Structures are given as structure tokens and as C-alpha cells.
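Because the structure is a prediction, the values reported are computed rather than measured. So that the names make sense, note that chain A is the first sequence line, chain B the second, and so on, each numbered from 1.
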2 protein chains.
Amino acid sequence: MKITRKGEYAMRALVDLAQNYRKGLRQIQDIVREEEIPGKFLEQILIILKNAGLLQSKRGIGGGYSLNRPPDKISIGEVIRLIDGPLAPLGCVSSGHASCSKEITCGIRSVMVDVENATAEILDRVTLADICNRTKGMAERRAEYQMYYI
Amino acid sequence: MKITRKGEYAMRALVDLAQNYRKGLRQIQDIVREEEIPGKFLEQILIILKNAGLLQSKRGIGGGYSLNRPPDKISIGEVIRLIDGPLAPLGCVSSGHASCSKEITCGIRSVMVDVENATAEILDRVTLADICNRTKGMAERRAEYQMYYI
DNA sequence: GAAATTTCCGATTTGACTTATAGGAATACT
DNA sequence: AGTATTCCTATAAGTCAAATCGGAAATTTC
Ligand code: FES
Ligand code: FES
């Protein structure tokens with residue numbers, strides 16, 4: 001599995017929206033300003049997220065986006081699968097397509113299934129809310145650390 | 001982390017060589033025939049593996065390749081890192097390069113570090129010997145299963 | 001209802017990287 | 001000498017990610 005820029009932007013935008021949950025609608029330009037993501041590219045991404053039911057949107061003046069579910073009900077795994085496809089690091093794991101001749105009994109494949117499961121274990125458990133907490137926690141711990149130098 | 005064709009070919013070739021460990025040298029064409037890998041492409045890959053110290057080679061008539069270490073001393077993680085680079089699914093994890101503005105306290109990044117560790121945990125532990133055993137085990141179990149239909 | 005604002009949509013470009021091929025040099029055996 | 005094999009470099013071809021462009025549709029404001 002490779003997370004592309006697209007996937008990274010999607011995550012960052014969603015985290016941004018999670019941090020502004022229940023604070024009204026947020027426009028593309030707001031996110032662009034805060035997260036430094038190419039605007040037109042982000043546009044496409046948000047539409048995908050919206051069509052998948054993750055976001056709610058409204059057009060025209062005063063329009064914008066907001067999460068369609070609470071941040072603790074959206075997992076990172078869901079996002080990455082939506083934008084970047086299956087979590088498996090090797091094609092033959094997800095797509096039924098044979099890669100080596102003995103796909104059914106392929107030891108390599110079996111290891112990669114383990115890897116996929118391990119990453120899914122993590123990514124399907126961690127939600128946008130968790131990420132916000134992690135960021136907040138790290139920032140606080142960092143602030144504390146800085147205190148000692150005063 | 002994305003495993004490319006190159007990485008897949010490398011693994012398959014190494015497993016092939018592991019299965020023929022201590023049976024003398026094995027030529028590129030032998031591997032090509034068995035594993036259905038583009039010959040000239042495999043050539044480049046084997047050279048990389050050789051330069052990294054994983055393989056031993058000999059030129060000329062009767063030449064070929066063989067593992068330079070026992071199959072249980074070569075991990076899949078080592079191979080993939082060599083051919084396809086770092087295991088992290090996100091660039092900002094491995095390269096020090098900042099992706100989002102607050103890299104140091106980035107929650108996304110922290111999750112991806114967890115993912116990298118989880119996959120490293122698996123791939124650094126599984127060796128070529130393990131893969132051979134897995135393949136063999138699955139093939140045997142499959143054969144048993146077939147027996148019931150006779 | 002006209003104008004402004006914002007999301008929505010499709011096509012296209014650009015560049016980078018993966019994949020593969022080509023041709024020959026170096027080496028070792030017979 | 002001749003043959004077989006690995007080694008090396010360049011480059012073609014193909015694929016896909018990343019980004020841009022131009023405009024359509026909807027919504028609010030005046
Ligand atoms: S089936 Fe994918 S490498 Fe064997
Ligand atoms: S540092 Fe990579 S997404 Fe934040």
C-alpha cells in the first residue's frame with residue numbers, strides 16, 4: 001500500500017474539518033490557507049469524500065463543507081481505502097489476479113496478507129478524533145518540555 | 001510503502017534460490033523459466049542483490065547465482081528496503097521532509113509511524129526459509145484436501 | 001431577476017517513475 | 001579460439017500521480 005499525495009491531502013483536510021466540527025461550514029479556501037494544499041486538487045478530493053458520504057456540502061454564498069459524521073465515527077482506514085485503494089502492499093493480495101504461477105500456495109502472498117491485516121488493524125481502529133487527540137497531546141507535551149528552558 | 005514489480009521479482013527470485021540452496025549455481029534463465037520474469041529485467045535485479053551481498057555469482061560457462069547466506073538469515077524486510085525503499089506508507093515518516101506544516105506534532109504522521117513499525121515487525125522477522133515453509137505447508141495441506149475427493 | 005459566491009464536473013497537461021529492452025563489455029570455462 | 005554467462009550503461013516505452021483549466025450548476029444577496 002502506498003499513500004499518495006491525494007490520500008495525504010484527504011486525511012489532512014478531514015482532520016482539519018474534524019478540528020472544526022460543529023463550528024459551521026468550512027470553505028475550500030479556508031482549508032487551503034490552513035493546510036497549504038493546491039486548491040483545485042483539493043476540490044476534487046472533497047467531492048470524492050462527499051460522494052462517499054463522509055462530507056456534507058452546500059453551494060453558493062455561505063456554503064462549504066462539514067463532516068457528515070462525528071469525528072470518532074470516521075476511521076483513517078476508510079479514508080485511505082476510498083482514495084488510494086486496498087491496503088495490501090502487493091497487487092496479488094487484493095485483486096484476484098495471479099502474479100506468480102502458484103498463487104494459491106504462494107508464501108510471499110501469505111506474508112503480505114499478514115501485513116495487510118496488521119495495517120488494517122491499526123488504520124481501521126484509529127479515527128479522526130484519535131488523530132486530533134494525538135496532535136493535541138504531542139503539542140502539549142512539547143509545550144511542557146519547552147517550559148523547562150525558561 | 002508500495003512493493004513494485006521489481007520488488008516482487010526480487011522476492012520471487014530469492015525464494016527460488018532459497019529452494020535451491022546448496023544445489024549449486026542457478027542461472028538467470030533457470031529462474032526466468034521457473035518464475036516467468038522478464039530476463040533482462042531480472043538481470044538488473046540480481047546484480048543489485050549481488051552488490052548488496054545477498055547473492056554470490058560466477059560468470060562464464062557453468063556460472064550463475066546462489067544465496068550468499070542461509071535462507072533463514074535473509075529477511076523479506078531487508079529485500080524490500082533494498083529494492084523499494086523505506087517501509088513507511090507516507091513520505092514524511094521516513095524522509096525528514098515536512099509534509100504538513102506541523103510535522104513534529106502531526107497526528108497523522110504518528111499513526112503512520114505505528115503502521116511502519118507493525119509492518120517492519122512482520123517483514124523483518126519473516127525469512128526466505130519461512131516463506132519456503134509456508135509455501136510447502138500450504139501445498140501439502142492443499143494436497144491433503146484434494147485427497148478427500150478421490 | 002441580476003450579480004456574486006461557492007461547490008460541482010470533465011478534460012487535459014505535465015512530469016516523474018516504473019517497467020522493460022537493447023547492445024555490448026568483462027569474465028570464465030572447454 | 002570460441003562459447004556461455006554475468007555485468008554494465010543507456011534508453012525506449014508505458015503508466016500513473018499531481019496539478020491545472022474552463023466552465024456548469026446551485027445558492028444567497030441585493
Ligand atoms: S501470488 Fe503474488 S507473489 Fe506469489
Ligand atoms: S507530517 Fe506528514 S502528514 Fe503531517
Side-chain angles (χ1 to χ4, degrees), chain A residues 1-13 17 24-33 35-68 80 82-86 89-91 95 97 99, chain B residues 1-13 17 24-33 35-68 80 82-86 89-91 95 97 99:
Chain A
M1 177 235 355
K2 157 97 182 298
I3 299 178
T4 64
R5 270 282 144 83
K6 203 168 172 183
E8 186 198 314
Y9 291 158
M11 286 190 283
R12 282 172 41 199
L17 286 167
L25 298 181
R26 199 156 165 75
Q27 297 168 4
I28 290 182
Q29 286 313 315
D30 297 333
I31 303 176
V32 162
R33 228 170 296 130
E35 302 287 338
E36 295 168 16
I37 299 172
K40 274 295 196 177
F41 197 17
L42 179 58
E43 208 176 294
Q44 303 175 56
I45 296 168
L46 293 179
I47 291 174
I48 295 173
L49 295 174
K50 186 227 158 188
N51 289 335
L54 293 177
L55 299 182
Q56 180 181 11
S57 72
K58 195 176 156 194
R59 296 202 247 201
I61 295 171
Y65 294 91
S66 68
L67 291 187
N68 202 20
I80 293 179
L82 177 64
I83 302 290
D84 285 330
L90 210 49
S95 74
H97 296 154
S99 212
Chain B
M1 178 235 354
K2 157 96 180 301
I3 299 178
T4 63
R5 271 283 143 89
K6 203 168 170 181
E8 186 199 313
Y9 291 158
M11 287 189 284
R12 286 180 28 205
L17 286 167
L25 298 181
R26 200 157 164 74
Q27 298 168 3
I28 291 182
Q29 287 313 315
D30 297 333
I31 303 175
V32 162
R33 228 170 295 128
E35 302 288 339
E36 295 168 17
I37 299 173
K40 276 295 199 178
F41 197 18
L42 179 59
E43 207 176 294
Q44 303 175 52
I45 296 169
L46 293 180
I47 291 175
I48 295 174
L49 296 175
K50 187 226 156 187
N51 289 336
L54 293 177
L55 298 182
Q56 181 181 11
S57 71
K58 195 176 154 192
R59 297 202 247 200
I61 297 173
Y65 294 90
S66 69
L67 292 187
N68 202 19
I80 293 179
L82 178 64
I83 302 291
D84 284 331
L90 210 51
S95 75
H97 296 153
S99 210

In whole angstrom, what separates B:R5's CZ from D:dC16's P?
11 Å
How is A:Q29 classified with respect to the nucleic acid when contacts are heavy atoms under 4.0 Å: base, sugar-phosphate, or nothing?
nothing
Which heavy atom in A:Y65 sits nearest to a heavy atom in A:L17, and how many Å separate them?
O-CD2, 3.8 Å
Among the candidates D:dC8, D:dT6, C:dT21, find the nucleotide nearest to the side-chain atoms of B:P38.
C:dT21
Please give, in whole Å, the distance from D:dT20 P to A:L42 CG?
12 Å
Which heavy atom of A:S66 sits nearest a heavy atom of A:G24, and at what distance?
CB-O, 4.3 Å
For A:L46 and C:dT6, what is the distance between atoms CG and P respectively, to the nearest whole Å?
15 Å
Side-chain N,O (B:S57) to OP1/OP2 (D:dC7) below 4.0 Å
yes
Quick one: is D:dA19 close enough that its OP1 or OP2 comes under 4.0 Å of any side-chain N or O from A:Y9?
yes
Which of D:dG2, D:dC7, C:dC8 is nearest the side chain of B:K40? It is D:dC7
In whole angstrom, give the distance that lies between atom CD1 of B:I47 and atom P of C:dA25.
16 Å
Could you tell me which non-hydrogen atom of B:I83 sits nearest to which non-hydrogen atom of B:A10, and how far apart they are?
CG1-CB, 3.9 Å
Where B:A13 and B:L42 come nearest, the two heavy atoms and their spacing
CB-CD1, 3.9 Å
Considering only D:dC7, C:dT19, D:dA17, which nucleotide approaches the side chain of A:T4 most closely?
D:dA17
Considering heavy-atom distances to DNA chain D, does A:G60 or A:K2 have its closest nucleotide positioned more toward the 5' end?
A:K2
Whole angstroms only, please: what is the CG-P distance between A:L25 and D:dT28?
11 Å
Contacts under 3.5 angstrom, residues 1-8 of chain A side chains, donor-acceptor by atom type, not counting sequence neighbours:
unit_1 : atom_1 : unit_2 : atom_2 : d
A:T4   : OG1    : A:K6   : N      : 3.3
A:T4   : OG1    : A:G7   : N      : 3.3
A:T4   : OG1    : A:D84  : OD1    : 2.6
A:T4   : OG1    : A:D84  : OD2    : 3.4
A:E8   : OE1    : B:S99  : OG     : 3.0
A:E8   : OE2    : A:R12  : NH1    : 2.6
A:E8   : OE2    : B:S99  : OG     : 2.7

Roughly how many Å is it from NZ in B:K6 to C1' in C:dA20, rounded to a whole number?
11 Å
Ignoring hydrogens and angles, answer whether the base of C:dT27 and the side-chain atoms of B:R59 contain a donor-acceptor pair closer than 3.5 Å.
no
Looking at the base of D:dC7, is there any donor atom on it, or on the side chain of B:Q44, that sits under 3.5 Å from an acceptor on the other one?
no
Of C:dC8, C:dT19, C:dT6, the nucleotide closest to the side chain of A:Q27 is C:dT6
With respect to the side chain of B:K58, which nucleotide from C:dT19, C:dC29, C:dA4 is positioned closest?
C:dC29
Residue met sooner reading DNA chain C from 5', once A:K50 and A:I61 are mapped to nucleotides:
A:I61
Given atom CG of B:D84 and atom P of C:dC17, what is their separation to the nearest angstrom?
14 Å
Quick one: on DNA chain D, does A:G7 or A:E43 contact a more 5' nucleotide (nearest heavy atom)?
A:G7
Has B:N51 got a side-chain atom pairing as donor or acceptor with B:I48's backbone, closer than 3.5 angstrom?
no
Within the structure shown, what part of the strands sits under 4.0 Å from B:I28 by heavy-atom distance: base, sugar-phosphate, or nothing?
sugar-phosphate
A:L49 atom CG is separated from C:dT7 atom P, nearest whole Å, by 14 Å
